[in-house]
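Here's the structure, in structure tokens; my notes come after.
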Amino acid sequence: MAIKSVIRQVNEHVDETVVIGSWLNNKRSSGKIVFLQLRDGTGYIQAVVVKSEVSEETWNNAKSLTQESSMYVTGVIREEPRSHSGYEMTVTDLEIIHLTENYPITPKEHGVDFLMDHRHLWLRSNKQRAIMVIRAEIIRAVQQFFDQNGFTLVDPPILTPTSAEGTTNLFHTKYFDEDAYLTQSGQLYMEAAAMALGKVYSFGPTFRAEKSKTRRHLIEFWMIEPEMAFTDHEESLKVQEQFISHVVQSVLTNCKDELEAVGRDVSKLESIKAPFPRITYDEAIEFLHTKGFDIPWGEDFGAPHETAIAEQYEKPVFITHYPAGIKAFYMKPDPNRPEVVLCADMIAPEGYGEIIGGSQRIDDPELMEERFKEHNLSEETYKWYMDLRKYGSVPHSGFGLGLERTVAWICGLDHVRETIPFPRMLYRLYP
């Protein structure tokens, strides 16, 4: 009797008869032999149908298959050194589930807009599948790192009464009779959770209503936001570099085939191990001036600036101590130089930009009240946040990692739109 299996596990069934539910990725014929390239979501395998070895019905079924038709294929698993997977299937029976007609995504070249309109089908392609597997491995590695290092997963709300950083780039909605917004960050809630649990992290969707069309931006994206009580800026930087090292090395170990499928030069990832280089904002400004950039002190960096800096390093680089005026209200000033804050952006190599932003948070209630006034923030709205400083305030730090930018960097993708199953961009809400 045939054993039900998946392609990823055929190595456990050499010389045994298995049945695999699959789709036809490609097909070619050579006289009285049909070669079927099958996929089932876990991998790919070639199935060989020999006319003299199967029933007339099975042969006719094999000949009639079209791209993306679905079927149950029964056959014997053989070792095949010439195959990419090392295995091949000799078919004994083939039952068609659904015969597809006029599948819109063919082996020819298609434009990006066409592929995005058919994203629900484009996901089936080898490269897109590989990206989703790598994304899943990154998520697994993220959770593993925090679980192994004493963090508790906490879920912040998606509907919030105000912004986390005082910005206006928010999606507004009505919460019955009140105004509400889709969250742009869970950080403030994570600070509250850290005061209860010590070390916490959130992992969820966030939303930015910026009308940006760059290759680095999505409207809806996923953030990982750890927060740590009794932790200063320097300690947080060490956590961040160990965290990124763990994630990259996990992908290298567990996604070799997928990295090959996306065409990634893995030599660029093999050196991603802590510690990472660091430069201050001041040093970054001086460096940019030597490269011909006309950027004054006090201005934030854009993509060209970050790329120029990153090109000097093979690993991610921290840029620390930004001017207070261009950073969020909650960041702690440097005690030795109050015009800059204890913060850092981690810039990925190869032009992928900022993947982590973090800082030590203000823990002094008087200074936080000053910040509220400077930024015209409602003390009534933020009363609960102020309570964190009134009742047992401690030094604490945290950071946020953008999942999709990290996927883009690790996969070596040109655009962030391929890093999430169904991207939401400025002019795209379908499918």
For this session: Decide, yes or no, whether a salt bridge links K373 with E379 under the criterion of side-chain N to carboxylate O below 4.0 Å.
Result: no
For this session: Determine whether the side chains of H246 and Q144 contain a donor N or O and an acceptor N or O closer than 3.5 Å.
Result: yes
For this session: List the steps, then state whether side-chain contact (heavy atoms from CB on, under 4.5 Å) holds for M368 with Y330.
Result: CA-CA 7 Å; M368 186 60 83; Y330 49 72; 4.2 Å; yes
Problem set entry | T214 and H217: side chain donor to acceptor below 3.5 Å | yes
For this session: Report yes if the distance between the aromatic ring centroids of Y382 and F372 is under 6.0 Å, otherwise no.
Result: yes
Exercise. Would you say the side chains of S359 and R361 form a donor-acceptor pair under 3.5 Å?
Worked result: yes
Exercise. E258 pairs by salt bridge (charged side-chain N to carboxylate O under 4.0 Å, His left out) with which of R264, R129, R135?
Worked result: R129
Counting only pairs under 3.5 Å, give me each side-chain donor-acceptor contact of residues 190-201, with atom names and distances, residues two or more places apart or in other chains.
residue, atom, partner, partner atom, Å
E191, OE1, Y385, OH, 3.1
E191, OE1, R389, NH1, 3.4
E191, OE1, R389, NH2, 2.8
E191, OE1, H396, NE2, 2.7
E191, OE2, Q187, NE2, 2.6
E191, OE2, Y385, OH, 2.6
K199, NZ, N149, O, 2.7

Exercise. Salt bridge (charged side-chain N to carboxylate O under 4.0 Å, His left out) between R78 and D15: does it pass, once the steps are laid out?
Worked result: CA-CA 6 Å; R78 312 283 189 198; D15 296 330; 3.5 Å; yes
Exercise. Parallel under 30°, tilted from 30 to 60°, perpendicular over 60°: which one fits the rings of W222 and F203?
Worked result: perpendicular
Exercise. What's the shortest heavy-atom distance between Y352 and G412, and which atoms?
Worked result: OH-C, 2.9 Å
Exercise. Angle class for the Y430/H120 ring planes (parallel below 30°, perpendicular above 60°, tilted otherwise)?
Worked result: perpendicular
For this session: Find the distance between CD (E283) and CD1 (I309) and round it off to the nearest 0.5 Å.
Result: 10.5 Å
Problem set entry | Any donor-acceptor N or O pair under 3.5 Å, side chains T280, D282 | no
Exercise. Counting only N and O atoms by type, is there a donor-acceptor contact under 3.5 Å from the side chain of E225 to the main-chain atoms of G186?
Worked result: yes
For this session: Indicate whether any N or O donor in one side chain lies under 3.5 Å from an N or O acceptor in the other, for Q240 and S236.
Result: yes
For this session: Run the ring-centre check on W384 versus Y189 and record whether the distance is less than 6.0 Å.
Result: yes
For this session: In plain terms, say whether D300 and K327 are close enough for a salt bridge, that is, a side-chain N and a carboxylate O under 4.0 Å apart.
Result: no
Exercise. Strictly under 6.0 Å, is that where the ring centroids of Y281 and F301 end up?
Worked result: yes
Exercise. Among E68, M71, Q37, whose side chain to side chain contact (heavy atoms under 4.5 Å, CB included) with L24 holds?
Worked result: M71
Exercise. How far does NE2 of H415 sit from CZ of R215, to the nearest 0.5 angstrom?
Worked result: 8.5 Å
Exercise. What's the spacing between I244 CD1 and I356 CD1 if we round to 0.5 Å?
Worked result: 4.0 Å
Problem set entry | Between Y72 and D93, a side-chain donor and acceptor under 3.5 Å | no
Problem set entry | Audit row: W23, T100, side-chain contact (heavy atoms from CB on, under 4.5 Å) steps and yes/no | CA-CA 10 Å; W23 295 270; T100 294; over 6 Å; no
For this session: Evaluate the side-chain contact (heavy atoms from CB on, under 4.5 Å) criterion for residues I7 and Y44: first the C-alpha distance (whole Å), next the side-chain angles of each, then the deciding distance (0.1 Å), finally the verdict.
Result: CA-CA 6 Å; I7 292 171; Y44 295 80; 5.6 Å; no
For this session: Apply the test ring-ring contact (aromatic ring centres under 6.0 Å, His included) to residues F243 and F146: give CA-CA distance (whole Å), side-chain angles for both, the deciding distance (0.1 Å), then the verdict.
Result: CA-CA 8 Å; F243 168 51; F146 290 119; 4.8 Å; yes
Exercise. Is the Lys NZ or Arg CZ of K315 less than 6.0 Å from the centre of F276's six-membered ring, within 45° of the axis?
Worked result: no
Exercise. Taking the six-membered ring for Trp, are the ring centroids of F114 and H118 within less than 6.0 Å of each other?
Worked result: yes
For this session: Could you tell me whether the side chains of D232 and Q360 share a donor-acceptor contact shorter than 3.5 Å?
Result: no
